[in-house]
Amino acid sequence: RTRDGFLLKVVASYDLYWDGHLIGRNGRVSAQEEDEGPGVVDALFQIPSELLGVGEHVVALRMSSWNTGFRSPTYALLFGFGNFRTMLVERSRTAILSVMAVGAALVGATVFGLIWLLAGRRMPVLLFSLLFLCVAVLQALQAWRWLYEYPYNWHFPRLVVITSLTTAMAVLLPAFVLHHFALSGRRWVYGGLAVLLTAAWFSSPIYNLIGLALCAIGFAMALLLALRAAWGRRRGAGFACVGLGASVAALIAAPRDFLDHAFFISAGPGIAGLLVALVLQLRDERREAQ
């Protein structure tokens, strides 16, 4: 009886029945598009204690999804069952890492944006600032899902924006390594990136899988370029290789969490390695100026 919470994640409006009893509504279900009221994507219901008897139970949904806005092969139906109060608290805790990442990334974007604006306007510094900005907006959109119950017709537009930001990040990572370590063959790298990233967009109808493919391409390409820089004994390339290698390993070990609320933990080592390489260069330039 302590497991009285039912969490449902589905891109649709629905009526929820437990053993034939209506226990909740999410939006307004209708057989006609103009009469439907979009429900929220994530909804938590409390099951009445008198319905929590020992044995099997039947959950039924009456759904409609006229306002999806995008063609999709699935309703993206997920559910969880547990203590109602505990699940309510966990929904807020889920967003904590994303909110912390937003603050840290915004600070990084601002600092390096000011350095670029006031100290020579060098391309690597600008690229690093834009990378932090992409991470900040990406994590803000991740936290938005848990902090604000948006209607399901906003879900796929949100996924498109997230996937677009992931594409930008997949370009900025290799671009920074190319410019920071002054590597040759930029046309070949950008051409290869364009082909791979375009193929990733058409690789799956599920946006989360597209995002994972984009991340894999961006981090793997940046790691290969960092290894090339390390082979050429470029300053700070070793730190970049270690950090990017750790992020690629995290992506392989837990791909499902990479674009979720744990993104900053997984991608953090790669960004930190590039940050060390950039700071070392700035310190060397300062010493030369002195």
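Predicted model only: the values in this text are computed from it and were never measured. Residues take their numbers from the sequence shown, with the count starting at 1.
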| request: Give the intermediate values and the outcome of side-chain contact (heavy atoms from CB on, under 4.5 Å) for residues Val40 and Tyr152. | output: CA-CA 5 Å; Val40 298; Tyr152 81 78; over 6 Å; no

| Can you tell me how far CG of Leu173 sits from CG of Leu178, rounded to the nearest 0.5 angstrom? | 11.5 Å

| message | Within a 6.0 Å radius of atom CZ on Phe79, are there more than 12 heavy atoms belonging to other residues, nucleotides or ligands? | response | no

| At their closest point, which heavy atom of Cys241 faces which heavy atom of Leu223, and how far apart are they? | O-CD1, 3.6 Å

| task | Indicate yes or no: at least one non-hydrogen side-chain atom of Pro48 is less than 4.5 angstrom from one of Ile23. | result | yes

| Heavy-atom distance under 4.5 Å between the side chains of Tyr14 and Arg62, does that happen here? | no

| Is there a side-chain hydrogen bond (donor to acceptor under 3.5 Å, both in side chains) between Arg158 and Thr163 once you walk through the steps? | CA-CA 9 Å; Arg158 168 181 168 273; Thr163 308; over 6 Å; no

| field | Sidechain-backbone polar pair: Ser247 side chain, Ser266 backbone, donor-acceptor under 3.5 Å | value | yes

| request: Please name the pair of heavy atoms, one in Ala143 and one in Val99, separated by the smallest distance, quoted to 0.1 Å. | output: CB-CG2, 4.1 Å

| query | Is a side-chain N or O of His21 found less than 3.5 angstrom from the main chain of Leu51, in a donor-acceptor match? | reply | no

| request: Would you check, one step at a time, whether the test side-chain contact (heavy atoms from CB on, under 4.5 Å) holds for Leu44 with Phe6? | output: CA-CA 6 Å; Leu44 180 60; Phe6 191 80; 5.9 Å; no

| query | Which distance, rounded to the nearest 0.5 Å, do you find between the CD of Glu288 and the CZ of Arg283? | reply | 12.0 Å

| message | Please give me the minimum heavy-atom distance between Leu251 and Leu212, naming the atom from each residue. | response | CD1-O, 4.5 Å

| message | According to a hydrophobic-cluster definition based on side-chain heavy atoms being under 4.5 Å apart (Ile, Leu, Val, Met, Phe, Trp, Tyr only), do Val11 and Val29 belong together? | response | no

| task | Identify whether Leu227 and Phe176 are in the same connected component of the hydrophobic contact network (ILVMFWY, side-chain heavy atoms under 4.5 Å). | result | yes

| request: For Asp19 and Val58, indicate whether the former's side chain and the latter's backbone hold a donor-acceptor pair under 3.5 Å. | output: yes

| Is Asp284 salt-bridged to Arg235, going by a charged N under 4.0 Å from an acidic O? | yes

| Side-chain hydrophobic cluster, 4.5 Å single linkage: members besides Leu280 | Phe239, Val276

| task | Linking directly or through intermediates, with side-chain heavy atoms under 4.5 Å: list the remaining ILVMFWY members grouped with Tyr17, chain and number order. | result | Leu22

| message | Run the side-chain contact (heavy atoms from CB on, under 4.5 Å) test on His179 and Arg186 for me, step by step, so that the C-alpha distance in whole Å, both residues' side-chain angles and the decisive distance to 0.1 Å come before the verdict. | response | CA-CA 9 Å; His179 287 272; Arg186 294 177 184 176; 3.3 Å; yes

| request: To the nearest 0.5 Å, tell me how far Leu159 CG sits from Ile206 CD1. | output: 11.0 Å

| task | Check whether any side-chain heavy atom of Leu225 sits under 4.5 Å from a side-chain heavy atom of Phe181, and report yes or no. | result | no

| Within 6.0 angstrom of Arg85 CZ, more than 12 heavy atoms from elsewhere | no

| query | Any side-chain heavy atom of Gln142 sitting closer than 4.5 Å to one from Ile162? | reply | yes

| request: Would you confirm whether Ser13, through its side chain, and Gly37, through its main-chain N or O, come within 3.5 Å as a donor-acceptor pair? | output: yes

| For Leu7 and Leu78, what are the C-alpha separation, side-chain angles and deciding distance, and is it a side-chain contact (heavy atoms from CB on, under 4.5 Å)? | CA-CA 8 Å; Leu7 177 63; Leu78 296 170; over 6 Å; no

| task | Specify the closest pair of heavy atoms between Asn153 and Pro38, including all atoms of both residues, with the distance to one decimal. | result | OD1-CB, 3.9 Å

| query | For the residue pair Leu193 and Ile217, what are the closest heavy atoms and their distance? | reply | CD2-CG2, 4.0 Å

| request: Group every Ile, Leu, Val, Met, Phe, Trp and Tyr by side-chain heavy-atom contacts under 4.5 Å, then state whether Leu196 and Val189 land in the same group. | output: yes

| request: May I have the step-by-step check of side-chain hydrogen bond (donor to acceptor under 3.5 Å, both in side chains) for Asn67 and Glu33, ending in yes or no? | output: CA-CA 7 Å; Asn67 291 277; Glu33 180 178 359; 5.9 Å; no

| request: Please work out which of the three classes, parallel, tilted or perpendicular, describes the rings of Tyr207 and Trp201, given edges at 30° and 60°. | output: perpendicular

| request: Determine whether more than 12 heavy atoms belonging to other residues, nucleotides or ligands lie under 6.0 Å from atom CD of Glu56. | output: no

| task | For the residue pair Leu8 and Leu61, establish whether any side-chain heavy-atom pair is separated by less than 4.5 Å. | result | yes

| field | Residue of the set Val59, Asn26, Val10, Ile47 for which side chain to side chain contact (heavy atoms under 4.5 Å, CB included) holds with Leu16 | value | Val59

| Would a hydrophobic clustering, with Ile, Leu, Val, Met, Phe, Trp and Tyr connected at side-chain separations under 4.5 Å, put Leu141 with Leu172? | yes

| message | Could you report the tightest heavy-atom contact between Met169 and Val135, atom names first, then the distance? | response | SD-CG2, 4.1 Å

| field | Contact check, side chains of Ile271 and Leu274, non-hydrogen atoms, under 4.5 Å | value | no

| Nearest-0.5 Å distance, SG of residue Cys215 to CD1 of residue Ile210 | 12.0 Å

| task | Answer whether the closest heavy-atom distance between the side chains of Arg234 and Arg228 falls below 4.5 Å. | result | no

| Are any side-chain N or O atoms of Glu36 and backbone N or O atoms of Ser65, one a donor and one an acceptor, separated by less than 3.5 Å? | yes

Donor-acceptor contacts, no H, no angles, side chain residues 126-134, under 3.5 Å, sequence neighbours left out:
residue : atom : partner : partner atom : Å
Ser129  : OG   : Ala109  : O            : 2.8
Ser129  : OG   : Gly113  : N            : 3.4

| field | Within one Ile-Leu-Val-Met-Phe-Trp-Tyr cluster: Met123 and Val125, side-chain cutoff 4.5 Å | value | yes

| task | First locate atom CH2 of Trp144, then atom CD of Gln139, and finally report the distance between them rounded to the nearest 0.5 Å. | result | 15.0 Å

